[in-house]
Amino acid sequence: MFGFYDKSFTFFGVNIAYYGLLIALGMGIGVFLACKNAKFRGLKSDDIIIIACYVLPLSIIGARIYYVLFSLDSFDNFWQVFEIWKGGMAIYGGVIGGAIGVTLYCLIHKKNFLDIADIVVPSLILGQAIGRWGNFINQEAYGNFISNPNAQWFPLGVYIESCHQSGCGCGGSGWHMATFFYESIWNFAVFAVLMILLRKNKLNLRGSMMCFYMILYGIGRTWIEAFRTDSLYLGSIRVSQLLSILLIVFGIGFIIVSYILNKKGKIKSLEQLENYYQLALKGKPDKNKVEKKDKKSLFKLSRKKENDIIENNFEENILENNSKEDFLKNHSEENYKTEDFAEKNNQEQNISENGKLSSENQYSLDKDKKQQDKEE
């Protein structure tokens, strides 16, 4: 059966859950988008593919571990922990697992964590926005019971066929606040903001994209979580609300500290790092190393050409009665520009040749005069 309210469908004899399909779709689109955005932080598509190999498995593991840790009472035996096809994934656990994956990649491949985080967060929030629709299909992550008939309509509310929340006034089924939908729309809006900031180059510091994700997502999740009836608790505190508030505080604090350090010259701005990113995309080393290497090569080439010119001029005996050492002594070693030096030598050669011609002409005239006197 392939109905709108079915939780799965059959494809060539294989039962596929909509929830899992949407998560996989969100991951695939997220990786594709990150490949397109990679160039803004000096990364290549190949880098993103490798990062995905670290991040995606750890995200799934983290999402499951997070849910299990705060829902131990719902498991009868240890093996149920591995039954992820029955549901039970927490997005914050996925984010933590993904962050661990990025950290491992940076340590192994010598990359900057903030550059990768800036590229990944738009894909992350887009994947979250898509994945929330899996909650709609599974009829989970909904909010409080809506008793007012005038408010019982989608998308303000969603009809839950089987409500298992204790103390709920719906009596087992009824209209509830569509909190999954609220968060999905909020995430799409955050995604749009992040993409504008990234592609229009509106931010000036490394890690700013990551911080704006933390702040904006944290704000949305804080107020939406207050309406949910299936929140994970730590004592009497909603865990997701607590983490959301911490994200907001950390994001704001990081931006302030980065701004102060940049003003003091302790860290570079994105504008100052632009050449570094361009060199990284071309597969070249650090700009300073390239400049030093080029200068050294040009210096060696200039001296080689200079020595060749001197050697050739000396072998042709351009200057008479001068030894090679005297000739070298007359040329300053401060002139390293090959073209100027060559031009200077050409001028000296012309003068020397003119001098030779003058001497030969004078000798010829003297000889003719002597011959004429002899004849007379």
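The model shown is predicted, which means the values in this text are computed figures rather than measured ones. FYI, side chains are in, hydrogens and waters are out, and symmetry mates aren't considered; it's all heavy atoms of this structure.
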In short, Asn187 meets Gln128 closest at the heavy-atom pair ND2-CB, 3.6 Å
Determine the minimum heavy-atom distance between Ser244 and Tyr92, stating which atoms define it.
OG-OH, 2.6 Å
Between the main-chain N or O of Asn15 and the side-chain N or O of Thr10, is there a donor-acceptor pair closer than 3.5 Å?
no
So OH of Tyr277 and CG of Leu281: to nearest 0.5 Å the spacing works out to 10.5 Å
Under the side-chain contact (heavy atoms from CB on, under 4.5 Å) criterion, do Ile60 and Met27 qualify, and how do the steps go?
CA-CA 11 Å; Ile60 296 174; Met27 289 179 174; 3.8 Å; yes
The test is side-chain contact (heavy atoms from CB on, under 4.5 Å); show your working for Trp186 and Arg132 and say whether it passes.
CA-CA 11 Å; Trp186 179 267; Arg132 276 304 175 195; over 6 Å; no
Same apolar cluster (I L V M F W Y, side chains within < 4.5 Å links), Leu270/Tyr259:
no
Grab the two heavy atoms, one from Leu194 and one from Phe212, that are nearest each other, plus how far apart they are.
CD2-CB, 3.9 Å
Distance only, no hydrogens: is a donor on one side chain within 3.5 Å (strictly under) of an acceptor on the other, for Thr103 and Tyr54?
no
Run the side-chain contact (heavy atoms from CB on, under 4.5 Å) check on Arg41 and Met209 step by step: do they pass?
CA-CA 11 Å; Arg41 292 295 184 273; Met209 288 286 296; 4.0 Å; yes
Give a yes or no on whether Asn77 atom CG has more than 12 heavy-atom contacts from other residues, nucleotides or ligands under 6.0 Å away.
yes
Using the salt bridge (charged side-chain N to carboxylate O under 4.0 Å, His left out) rule, take Asp115 and Arg206 through it: C-alpha gap first, then chi angles, then the decisive distance, then the call.
CA-CA 6 Å; Asp115 284 336; Arg206 263 177 173 169; 2.9 Å; yes
Anything under 30° is parallel, anything over 60° is perpendicular, the rest tilted; go ahead and classify Tyr217 against Tyr213.
parallel
Tightest non-hydrogen contact, residues Lys44 and Ala280, listed as CE-O, 3.7 Å
Please check if any side-chain donor atom of Ser231 sits under 3.5 Å from a side-chain acceptor atom of Glu225, or the reverse.
yes
Kindly compute the distance separating CE (Met195) from NZ (Lys36), expressed to the nearest 0.5 Å.
11.0 Å
In the single-linkage hydrophobic clustering (I, L, V, M, F, W, Y; side-chain heavy atoms under 4.5 Å), do Ile219 and Ile245 co-cluster?
no
Check whether any side-chain heavy atom of Asn37 lies under 4.5 Å from a side-chain heavy atom of Arg199, and answer yes or no.
yes
Crowded around Phe154 CZ? As in, over 12 foreign heavy atoms under 6.0 Å?
yes
Flag side-chain contact, heavy atom, 4.5 Å: Asp118 against Phe40
no
Does the side chain of Tyr142 reach to within under 4.5 Å of the side chain of Met177, using non-hydrogen atoms?
no
Under 4.5 Å between any side-chain heavy atoms of Ile255 and Leu205, yes or no?
no
Does the side chain of Asn135 reach to within under 4.5 Å of the side chain of Tyr19, using non-hydrogen atoms?
yes
Check whether any side-chain heavy atom of Leu216 lies under 4.5 Å from a side-chain heavy atom of Ile125, and answer yes or no.
no
Determine whether a donor-acceptor pair (N or O, by modelled atom type, separation under 3.5 Å) exists between the side chain of Glu183 and the backbone of Arg221.
no
So which heavy atom on Asp76 is nearest to which on Gln80, and how close?
N-OE1, 2.7 Å
Does the plane of the ring in Trp223 sit parallel, tilted or perpendicular to the ring in Phe227? Use 30° and 60° as the thresholds.
perpendicular
Under 4.5 Å between side-chain heavy atoms, counting indirect links through other Ile/Leu/Val/Met/Phe/Trp/Tyr residues: same cluster for Val257 and Ile248 or not?
no
Pairwise side-chain contact, Tyr182 with Leu156, heavy-atom cut-off 4.5 Å (strictly under)
yes
Return the orientation label for the Trp133 and Phe136 ring planes: parallel under 30°, perpendicular over 60°, tilted otherwise.
perpendicular
Under 3.5 Å donor-acceptor, Glu274 side chain and Glu271 backbone
no
How many angstroms lie between atom CD1 of Ile130 and atom CG of Leu21, to the nearest 0.5 angstrom?
11.0 Å
In this structure, would Ile29 and Leu124 fall into the same cluster of hydrophobic residues linked by side-chain contacts under 4.5 Å?
yes
When you measure from the side chain of Ser240 to the backbone of Leu232, do you find a donor-acceptor pair of N or O atoms at a distance under 3.5 Å?
no
Using the rule that two of Ile, Leu, Val, Met, Phe, Trp, Tyr join whenever any of their side-chain heavy atoms come within less than 4.5 Å, decide whether Ile160 and Trp153 are in one cluster.
yes
Reported OG-to-OH distance for the pair Ser74 and Tyr67, which is rounded to 0.5 angstrom
4.5 Å
Of all heavy-atom pairs linking Val81 and Arg64, the shortest is O-NE, 2.6 Å
Can you measure from CE (Met210) to CD1 (Ile119) and round to the nearest 0.5 angstrom?
13.0 Å
Working to the nearest 0.5 Å, report the span between OH of Tyr159 and CD of Gln139.
9.0 Å
Using side-chain heavy atoms (C-beta onward) and a distance below 4.5 Å, is Cys168 in contact with His176?
yes
Is it the case that atom CZ in Phe32 sees more than 12 heavy atoms from other parts of the structure closer than 6.0 Å?
no
Run the side-chain contact (heavy atoms from CB on, under 4.5 Å) test on Leu114 and Phe254 for me, step by step, so that the C-alpha distance in whole Å, both residues' side-chain angles and the decisive distance to 0.1 Å come before the verdict.
CA-CA 11 Å; Leu114 297 179; Phe254 190 93; 3.8 Å; yes
